[in-house]
There are 2 protein chains.
Amino acid sequence: MNIPEQYSDTISRSELFADIPPDMLADILDRGRRQHIKAGEILFHEGDHADRCYLVLKGRLKLSKLHGQGKEAIIHYVEAGAVIAAVAVFKGKRFPVTARAMGAAEAIGWDRDAIMELISEYAQFAINLLRFAIDRIEELQTRYLELAVEQVERRIARALLRIMRQSGRKTGEGIEIEFKISRQDLADYTGSTLYTVSRTLSNWGKRGWIKSGRQRIVIINPHALVSFSETD
Amino acid sequence: MNIPEQYSDTISRSELFADIPPDMLADILDRGRRQHIKAGEILFHEGDHADRCYLVLKGRLKLSKLHGQGKEAIIHYVEAGAVIAAVAVFKGKRFPVTARAMGAAEAIGWDRDAIMELISEYAQFAINLLRFAIDRIEELQTRYLELAVEQVERRIARALLRIMRQSGRKTGEGIEIEFKISRQDLADYTGSTLYTVSRTLSNWGKRGWIKSGRQRIVIINPHALVSFSETD
DNA sequence: CATGTTGTTTGCGCCGGCGCAAAGATATAA
DNA sequence: TTATATCTTTGCGCCGGCGCAAACAACATG
């Protein structure tokens, strides 16, 4: 595999390659397989045999977990530079979530044997994988706490802010969420419902804090959201 | 540090040392520091500088996360053999949770430098750390889903079953939870309230599914709880 | 353009679960 | 034993958030 020139920036910025010298980096990339995922396509399904671990090069993926009767929780929105499915490091394990591309996406995948080799050869690689895992644990713990103790509207505010920080783009109006996100998506992400999210966003729109349309949200006044999520 | 003979069983069974030969094991243990924690004492506080990572040798620890106004979520109950605070591997990070001993406990702690050395010297050690991290991610994702989509009583049932599997002991009456656990604890663990938990346990007691007293729960009919948590 | 599809809003009613309060039960100390 | 603290139970009332239903709005397709 050639080193994908157009993603050299994403790659060098990814925590996965922190403190890894260029020649090792080239070797590591070389042992992976590049993969294209079309918009809406699924990279892997929850429950499938986890045989491969990925670095996201381009685009965004939605990691979600299903529960009977069509209910679903969105576990994580993943950006370029992130590692997913590190679970594939362990033989016999299955993917605990489903990964769906939200737009055209691209990734490098390493199969189990390749990862194991890389870990034994480059200690730093193992540490970097561990870093991703621990960051995920921290985020999950934080969101678990929120879900357990905070009211719905607060959770929605925090979710919006978290997504904004991760995937926000400055525009003339304010900070726009870069990907399509429906009321249902936000509900699945916050453990709420389509209706409650709609009412809440509607309310914030009237107050001028945000502007929202079909699958589109612009945060006009982040500070108002922050103080709403903290005060009272 | 001498190899603690009385815990050789816990140590050899711990996933942390899976596929690690005895001589390496001795070396790894040797570089750690043994620590005793009295009942109710705190091993580390959320927010403190994370300088040390632990393997629990004896006893149980409660990992919890605080939220304003005395609200608290119990993130995890930890048994002997588990690794906690792997976050200490990374410079500058802070403990994301508080660890409190539920009875007299004992642990081996490695400081950051020691862990980094161990990882570079023993690739398998890094993999084993990664395994703990990934197991935690999976459990958190599962509990997050539950909290997001399931009703309170179902969550309480699942929580009881999870704790039973991890810390249950067969007695004449049924399977007893080995540590003291109050209604408030269960509420903090399930994202509910003292009152709702009490009413629920009371109800299950009347049906003969469980028997419960002050900080004590015996599961008489696990099957009933399982089907309650799944059906309908 | 017309037509179908998918996403959003909002009125309305309902109920699961919360939280107070007060009494009862169980443990610890004196 | 009595006293004190802590934990548990349960009646009662309330309300945040859910979920239906129906209308509306935005996009896709040919």
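Throughout, protein chains are lettered first and strands after them, A, B, ... in sequence-line order, and every chain is numbered starting at 1.
For the pair A/S192 and D/dC18, the criterion of a side-chain N or O lying under 4.0 Å from OP1 or OP2 is met. Contact check, A/Q184 against C/dG7: no side-chain N or O comes under 4.0 Å of OP1 or OP2. Dashed line: the shortest gap from a side-chain N or O of B/T193 to OP1 or OP2 of C/dG17 is not under 4.0 Å.
Scanning atom types as modelled, no donor and acceptor separated by under 3.5 angstrom connect the side chain of B/R199 and the base of C/dG16.
The residue B/E153 sits apart from the nucleic acid: no heavy atom pair falls under 4.0 Å. B/R183 comes within contact range of the sugar-phosphate backbone alone, with a heavy-atom separation under 4.0 Å but no base atom that close. Across all strands, B/S198 comes closer than 4.0 Å to base atoms (heavy-atom distances).
Between the CG atom of A/L186 and the P atom of C/dT9 there is a distance of 11 Å, rounded to whole Å. Rounded to whole Å, atom P of D/dT8 lies 12 Å from atom OH of B/Y195. Computed from coordinates, the B/L147 CG to C/dG16 P distance equals 19 Å when rounded to whole Å.
Applying the 6.0 Å contact sphere to CZ of B/R13 captures no more than 12 heavy atoms from other residues, nucleotides or ligands.
Checking C/dT8, D/dT9, C/dC18 against the side-chain heavy atoms of B/S212 singles out D/dT9 as nearest.
Heavy-atom nearest nucleotides on DNA chain D were determined for A/R214 and for A/G191, and the one closer to the 5' end corresponds to A/G191. Remark on DNA chain C: of its neighbouring residues B/V152 and A/S202, the 5'-side contact belongs to A/S202, judged by nearest-heavy-atom nucleotide. Mapping A/K180 and A/E150 onto DNA chain D via the closest heavy atom, the residue that lands nearer the 5' end is A/E150.
Between B/W204 and B/F228, the ring center distance clears the sub-6.0 Å criterion.
Between B/E106 and the choices B/R33, B/K38, B/R34, the salt bridge (Lys or Arg N to Asp or Glu O under 4.0 Å) rule is met once, by B/R34.
Salt-bridge check for A/K93 with B/D135: passed, with a basic side-chain N closer than 4.0 Å to an acidic carboxylate O.
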